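Down below is the structure, laid out as structure tokens.
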Amino acid sequence: MSEARDELLLGDARPDLADAAWDHVWIGAHLATMRGGGTPPLGAPLTGASPGADGYGELRDAAIAVRGERIAWMGPAADALRAPAIAKAEVHELSGAWITPGLIDCHTHLIYGGNRVAEYERRLSGASYAQIAREGGGIQATVRATRAASAQELREHAAVRARRLMAEGVTTIEIKSGYGLELATERRLLEVARSLERDLPVSVATTFLGLHALPEEYRHDRQAYVDQVSGPWLSGLAAAGLVDAVDAFCESIAFTVGETEQYLRAARALGLPSHVHAGQLSDLGAAELAARYGALSADHLEYLGADGARALARSGTVAVLLPGAYFTLRQTEPPPVSALRAAGVAMAVATDCNPGTSPCTSLLLAMNMACTLFGLTPLEAVRGTTIAAARALGIAADRGTLEVGKRADFALWRIDRPAELCYGLGANPCIGVVHRGQLREDARHG
Ligand code: NIG
Ligand code: FE
């Protein structure tokens, strides 16, 4: 038995059995706590326990008890059945289902107006993403549609996408603004993001993506736009409590390293953490910049050199991999996963849900693509949407693993082993979702 599991059973579980109070107990389940350490050797045997069972932090024939919105106890099912606290608890028998931490989609542009299906058709006939962007389409097309949409329209469409993610076990969604590019619409996007958290049983982390694209009206004065975003826009939105973090698209068709740095510096002065869209289409040194500013994450990273990977490792910045965008743009150079792995960079996986490069509302599909297209192991992909994704949002102290005291956010799955979460294409083995200790009413049973 691993040290981690010793601690789990002896340290967390038994002492509080006598006087604990539980509201709910899920019993007869296998837990993938994601508390395990180490990377399993590639090519580990395919029989017996899951390859990397230690990495998943497996607890078989187990139970998990919840008090309020926190995990109160985890341990062997047999111990739970003997515990006095079970008498007053609502007991849910799972007959061998698996429980993982609630999945975290740590990079989305979930809220936008319209769609870009016509551009999809154009790209299929040979036009490139960068070419369409230069012609005023791309992000600018969505900006026009988003500015024209009311808050209610934006909320209704985003809620449909959020529910699709939630149906696959997602309990936390990061949502970026960035399709307003004028203060009033950026504010509307962030307010809609906050309102989704009030309306739906899901947690939201908001990101002010002020530097996404240069809006038309600033075409002849880039610096004025960067000054506005980094100055009054950021401080005003932050003062309104709408900004959990900032993000910038640092790319040849978007913003330079110098412009991005000005924005990150302004965020740091306000005590706000950052993310950076880095190395999606070219290597400008954006990952190194993200590392210099201690960004929570650098995202995309198809174009990343060895120095960039080492810089991310030194700063503890999470590499967020977005295979949906890679797939949609039919890119051919995947991110340097071996270099990231060798450098010890934590890798997260997200949908990048957006109307242009990744109209994807399936985090399980992103996990499949991360394995099949990028070469992640299933364990890395499951870490990538649990503990690594929590780190990418700065919330790992409270979410991302199953641990006593952490938020009771978890997903119930009818699967044989955790790797099955990455295996299906279009399958959804989620049979229930618990968010803040409550079984979500929209979750399927069976
Ligand atoms: O993450 N790269 C910049 N932002 C999005 C794409 C946005 C769009 O095309 O609308 C992305 O891929
Ligand atoms: Fe993105």
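On a predicted model such as this, the values are computed, not experimentally measured, just so you know. Indexing begins at 1, ligand by ligand and atom by atom, following the structure's order.
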- Query: What orientation do H107 and H277 show, parallel under 30°, tilted 30 to 60°, or perpendicular over 60°?
  - Reply: perpendicular

- Checking heavy atoms under 4.0 Å, the part of Q280 that sits near ligand 1 is side chain

- Task: With ring pair (Phe, Tyr, Trp, His ring centres under 6.0 Å) as the test, would you mind laying out the steps for Y263 and F255 before giving the verdict?
- Result: CA-CA 10 Å; Y263 188 45; F255 293 93; 8.7 Å; no

- Item | R417 to Y423 six-membered ring, cation-pi geometry met (6.0 Å, 45°) | no

- Item | Name of whichever N/O/S atom of H107 is nearest to the Fe ion (ligand 2) | NE2

- Message: How far is atom 7 (C) of ligand 1 from the closest protein heavy atom, and which atom is that?
- Response: Y179 OH, 3.2 Å

- Task: To the nearest 10 degrees, could you say what angle the Fe ion (ligand 2) makes with NE2 of H277 and NE2 of H109?
- Result: 100°

- Query: Strictly under 4.0 Å, does any heavy atom of T142 approach an atom of ligand 1?
  - Reply: no

- Close approach, E251 and ligand 1, non-hydrogen under 4.0 angstrom: no

- Kindly determine whether L242 and F208 satisfy side chain to side chain contact (heavy atoms under 4.5 Å, CB included), including the steps that lead there. CA-CA 8 Å; L242 292 169; F208 175 38; over 6 Å; no

- Message: What I want to find out is whether R194 reaches D244 closely enough, with some N-O distance under 4.0 Å, to be called a salt bridge.
- Response: yes

- Task: For Y129, take its heavy atoms, then give the atoms of ligand 1 lying under 4.0 Å from any of them.
- Result: 6 (C), 7 (C), 8 (C), 9 (O)

- Query: Got the closest protein heavy atom to atom 11 (C) of ligand 1, with its distance?
  - Reply: D352 OD2, 3.2 Å

- Where R147 and R188 come nearest, the two heavy atoms and their spacing: O-NH2, 3.1 Å

- Message: Tell me the closest heavy-atom pair linking G169 and V433, and the distance in Å.
- Response: CA-CG2, 3.8 Å

- Item | Protein contact to atom 12 (O) of ligand 1 [nearest heavy atom, distance to 0.1 Å] | T357 OG1, 2.6 Å

- Non-hydrogen atoms of L181 and E186 that approach each other most closely: N-OE2, 2.8 Å

- Give the residue, atom name and distance (to 0.1 Å) of the protein heavy atom nearest atom 4 (N) of ligand 1. H212 NE2, 2.9 Å

- Item | Atoms in ligand 1 flagged as close to H107, the criterion being non-hydrogen separation under 4.0 Å | 1 (O)

- Query: Is the Fe ion (ligand 2) under 2.8 Å from any N, O or S atom of D352?
  - Reply: yes

